[in-house]
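First comes the structure, then the notes that go with it.
Computed over heavy atoms, backbone and side chain alike; hydrogens, waters and symmetry mates excluded. Residue numbers start from 1 in every chain, and the chains themselves are labelled A, B, ... in the order their sequence lines are given, proteins ahead of strands. These figures come from a predicted structure and were not determined experimentally.
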Amino acid sequence: MGVLMSRVAIVGVGWYGFKPTTIDVSFQDMMFESSARAYANAKIDPRYDVDAFVDCQEDMWEGIAISDEFAPEPIGGALRPTFTVAGDGLEGIAHAYMLIKTGHFNVVSVESHGKPSEIKTLQDIYRFALDPLHVRPLDYVNPLFYAGLDAVAYMKRTGAKREHLAMVAVKNKNNGLSNERASFSTRIDLDYVLSSSYSIYPMTNYEIAPFSDASITFVLANEDYAKKLTENPVWIEGIGYSTETGTGATEWHEWGKMKSFRSAALMAYKMANLNGNPQVDFAEIEDRFSFMELLALEETMLVKEGEAHKMLEKGDLNRDGFLPVNPSGGSLSMGVQLEATGLSRLLEAYLQLTGKAGNHQLKNVRRGLVASWRGVPTYTSMVALLSV
Amino acid sequence: MRSNIFMKDRVAIVGAGITTFMRRALETPRELAWEAAKMALDSAGLTLSDIDCVVIGSAPDTFDGMHLKGEYLGDGSGAINKPMTRVYVGGGTGVFVPESAYWHVASGVCKKVLVVAEEKMSPAHPHPQYVFKYIWDPIIERPLGPNLLWIFAMEMRRYMAKCGAKKEDIALVSVKNKRNALDHPAALTAANITVDDVLKSETLVWPVNLLDVSPVTDGAAALIMTSENVAREITDSPVWVDGIGFTLENQHWYNRELAFPRYLNYAARMAYKMAGIERPWKEIDVAEPYDPFDYKELHHIEGLMLARPCEAWKLVREGYFDRNGELPTSPSGGLLGVGNPIAAAGLMKVAELFWQLRYEAGKRQVKKPVHKAVANAWGDLMQAGTVIVLSN
Amino acid sequence: MSYDKRNRMEDLVIFPGEQEVEKYVYTPGIHGLEFAKGLKEGKILGMKCKDKIYVPPKTFCPDFTQGELIEINDEWILVSYTIVYQDMYKNNLPNPKIIGVIKPKNAETGLIHLLNVPLDKLEIGIKLKPVFKPENERNGTINDIKYFELS
Amino acid sequence: MSSKINKLPGIKLKEKEMYSLIGLVEDMPQAKYDFAAGTTISKFLEGLKEGKILGRKCPKCGRIFVPPRSYCEWCHVATNEWIEVPQTGEIHTAVITYISTKREKIERPEVVGTIKLDVPGYRDGEYEFAGLFHKICVDPQDVISGKAIGMKVKVRWKPKEERKGNILDIECFEPL
């Protein structure tokens, strides 16, 4: 059997944080905490057993130019093949997947972290990502307006109503109540959401995910090693990522759609030799804005176009429904951890598939989908298909 | 890392593009990326629709003044409804992007990859060097008010002390590279200068003078990399990636010996092993060692094992590394001569080897026959070593 | 350090830092420069890529070919809109901002800009027109257009 | 390349031309942070205020790290012991700076460098050592002549009342 045929598995994971602030640790301490747990979980010594280290971060989030300088030590990658991906952790997983598939690397670790609590001027940092010529100079105040534009266009196209967006928040905020990482979960009714005022039309603050600090580390291995290291490997059947357009040309975006989810999903499904709907048992889907959960479900082809809000209304997306979506509570409950957001969703899927999700464990799940987006103002998304 | 006996398909470079290297460009960063990418596509006879993946390299966001710079460069780099990621190891990024493209192809995930590196340093005011204040540890180092040149000067001073090299020996590298660059159409600081000119130029941080340093530059470079089957259809003269290596040292640069670049040596050994090279000093025909500073080329020649530790400066005096010498280094003119748009400069070096190995470098073509070539880049706080070995 | 963390707030240092330069200077780019000149003259330029029109012009087309500059004289349509009531720190804005995507009728893409439209008239598909600042106040940036309003 | 291509893309601007461009945008979004120092660096800074240099020891390899780390980068285990280290050492490398962070000329050139501290457990000539990066109060001529390299130095503290729990509590390293 050739190496190209060898599958890639997740064999260990560790995390630290998921709190609105983490003053007890520096960002590097936090990275050490999560990676030490991951290596313990995989029962390996990173100084000998890991062939390459991937770290995902962005300079302006870190407050450091060339922040990869500070990556190797806490994750065990000093003087080893270590590099950073300026992107979401799921992009790092894609790199690890490819590294292993070349046959030159047996075990690869991926770390990503976000410490938004340390960013004093978060709104300005977001503004810093906007096209300096045609968008940044405008008087919009809040750069998250991009999401509002997509939400309105999406609703117009599919007939989803404001109530449906609110229902996503109700489902996810309540789902989070049984998840130890869901710092922003709360017991709410539809009325609470509908009676609160808009933050960015058509969404209230219940429907816009807040920020939290976390570091997450994954250990990936090829088939031979995976079988040696663990009794319950989770296989990465497919991983895809795609960019619709650059942030210097957001005008080229198709409003109310997310082509990047569709392209990323097609890439992942093709890798898994599947056509269209992969028939998953559950999904951890992008929801940093409520409407995005519905849109991403459709764009990843898990549900038919224009059907997501109807399924939501029927309860199909509930934890006991036909297709449980965000049983963890999603980003609305756990927060956005900047570039670690994709890994936080992958973590939830991994725990479900290994039966370690605790109070929010689903029964009989064998295949799950993770879909994450890099957030405003990007049009880059990642999709991972996992199974046991 | 292990070598892989199952690999049938090799990875090839089949096209390259570059913009003029400029002190100030009218183009926006995304336009610079597009210009280089378009040229690379044209050179391989491809259009954007042929490309299935994009890899971007760019150094700190604080130069261009764009947060999430990879996302910003996306469309200019061809990431329009395509998989795109930006990899990042500081100054080492330029050589690291084609390394990353290597595993995009070698894994079987992508067939035709567009590799783009861009840097626009001119937006940052009052001076791009100010940006480098933020590369230091925010608590232990930044309060000292450091300038980037400090760390290079310290390393150069240490190299001089340990190896017995003098400033005038090291200046020869600047003389050589700026002269080589006279034949490079993209060059920003090509010149016929003397050792004396270097020594008499403004002292910035002793022992570093103005002409020891590469300039602030705007520019972009691009490559097309494909699988072997695809490459055979596109060209009769693909250039093969034989080996890749990368290493990141610890961040505590002031807890380390600075005279020898261990970070690079580890990466070089990884790349040579993969390429099956046992005696690089004999087997490598042409090299593009990273030269943001003149001493850095010597440092890197030693790290790449093209000369013994502390001996590169002696060989420079003998003309060993000249374009018609025994082992030509930086025939392009390097960062000192062509310019230093950080990530794009590293990729320019790989592009130069691509042209050298295809005998397309025109006036820059080295005299001897070439079969194997190596380029490296350095990054971070004397930490990142990235090495790529190519052959024809 | 996994086991001996300090937990008294007064034993933990918070160290301020920044990542700013004095300023950034962004050049308008190739098409951007022509677009800027147009704004100064009260015109909006677009880019023609084969049979498709893109606004604003962005030098190259999505297929990487070079676009051709044209002047837009079409009517403008609202593609989508939103209203910003709060900043990112959840403070209410004294004046909510209405933001829209506005494209010429026959174009593929449009500008992102502020709208001056009564909330009850705000709907996808309405016809709008740009309102420019007085000529002596224009400097070729996107804010030369004050906003779009009902036509 | 050059055999086929004569003109490369790229439009050069002079400084004046750039500033007179129509549509030029000048901007600097605020980028401010509050870095959590974490337990280890917090305690190190506290030590400086008290006139002490604190190191941290790895339980596995026994290395003493200065500045202290929460974890050993070579063993990837949590460090476990605080050690006060000697305030003497030798200059590893030193340079003379004539420019500021912003690359402006400064009036009085300063000497900066790295100091290898006399911390036990490191062999002579070992690639790694414990030490600091700081200003050095020596004659610039000694840097040029090479006399400074290897010179024995000790910490010169700021007066106690001026110390703030900051790396600048050390004024510089001065010859012993």
Applying a strict 4.5 Å limit to non-hydrogen atoms, the region of B:Y266 in contact with chain A is side chain
Select one option (side chain, backbone, both, neither) describing which atoms of B:Q383 are under 4.5 Å from chain A's heavy atoms. side chain
Heavy atoms, side chains only, cut-off 4.5 Å: are B:Q251 and A:P72 in contact? no
Flag side-chain contact, heavy atom, 4.5 Å: A:R80 against B:L248: no
Going from OG on B:S107 to CE on A:M98, what distance comes out if it is rounded to the nearest 0.5 angstrom? 5.5 Å
Neighbours of chain B found in residues 239-252 of chain A - heavy atoms under 4.5 Å: A:Y241, A:S242, A:T243, A:E244, A:T245, A:G246, A:T247, A:G248, A:A249, A:W252
Engaged part of A:R136 at the chain B interface, taking heavy atoms whose separation is under 4.5 Å: side chain
How far does CG of B:N250 sit from OG1 of A:T82, to the nearest 0.5 angstrom? 11.0 Å
A:E339 portion near chain B, given a 4.5 angstrom heavy-atom threshold: side chain
Closest heavy-atom pair and its distance - A:H95, B:S100: CE1-OG, 3.2 Å
Going by the angle between their ring planes, with limits at 30° and 60°, are B:W103 and A:F105 parallel, tilted or perpendicular? perpendicular
Note: A:P132 and B:M66 closest approach over all heavy atoms is CD-SD, 3.4 Å
So do B:Y134 and A:I64 actually touch side chain to side chain, heavy atoms under 4.5 Å? no
Between B:F132, B:F246, B:Y263, which shows the greatest number of heavy-atom pairs under 4.5 Å with chain A? B:F246
Pick one of side chain, backbone, both or neither for A:E69, based on which atoms fall under 4.5 Å of a heavy atom in chain B. both
B:W136 versus chain A, the contacting section by heavy-atom distance below 4.5 Å: backbone
Note: vs chain B, highest number of non-hydrogen pairs under 4.5 angstrom among A:L133, A:V85, A:V54, A:V107 is A:V85
Please give me the minimum heavy-atom distance between B:D61 and A:D59, naming the atom from each residue. N-OD2, 4.0 Å
Sort B:T28 into side chain, backbone, both or neither according to what part of it lies under 4.5 angstrom from a heavy atom of chain A. side chain
Could you tell me whether A:W61 and B:H67 have their ring centroids closer than 6.0 angstrom? yes
Side-chain heavy atoms of A:F70 within contact of B:D137, under 4.5 Å: yes
When the 4.5 angstrom heavy-atom criterion is applied to B:A79 and chain A, the contacting part is both
Can you say whether A:F53 sits under 4.5 Å from chain B via the side chain, the backbone, both, or neither, judging by heavy atoms? neither
One should read off an interatomic distance between A:R374 CZ and B:L68 CG, to the nearest 0.5 angstrom, of 5.0 Å
Given the options B:E249, B:K69, B:K133, which has more heavy-atom pairs under 4.5 Å with chain A than any of the others? B:E249
What one should report as the nearest heavy-atom pair of B:T62 and A:A65 is OG1-CB, 3.6 Å
Given heavy-atom pairs under 4.5 angstrom as the criterion, report whether the side chain, backbone, both or neither of A:M382 touches chain B. neither
Would you call the rings of A:F83 and B:F96 parallel, tilted or perpendicular if under 30° counts as parallel and over 60° as perpendicular? tilted
Under 4.5 Å from a heavy atom of chain A, the part of B:I80 involved: both
Considering heavy atoms only, which positions within residues 81-94 of chain B lie below 4.5 Å of chain A? B:N81, B:K82, B:P83, B:M84, B:T85, B:R86, B:V87, B:Y88, B:V89, B:G90
Under 4.5 Å, counting heavy-atom pairs only, tell me which of A:P81, A:A78, A:G63 racks up the most with chain B. A:P81
Heavy-atom contact with chain B under 4.5 Å, split by part of A:E62: neither
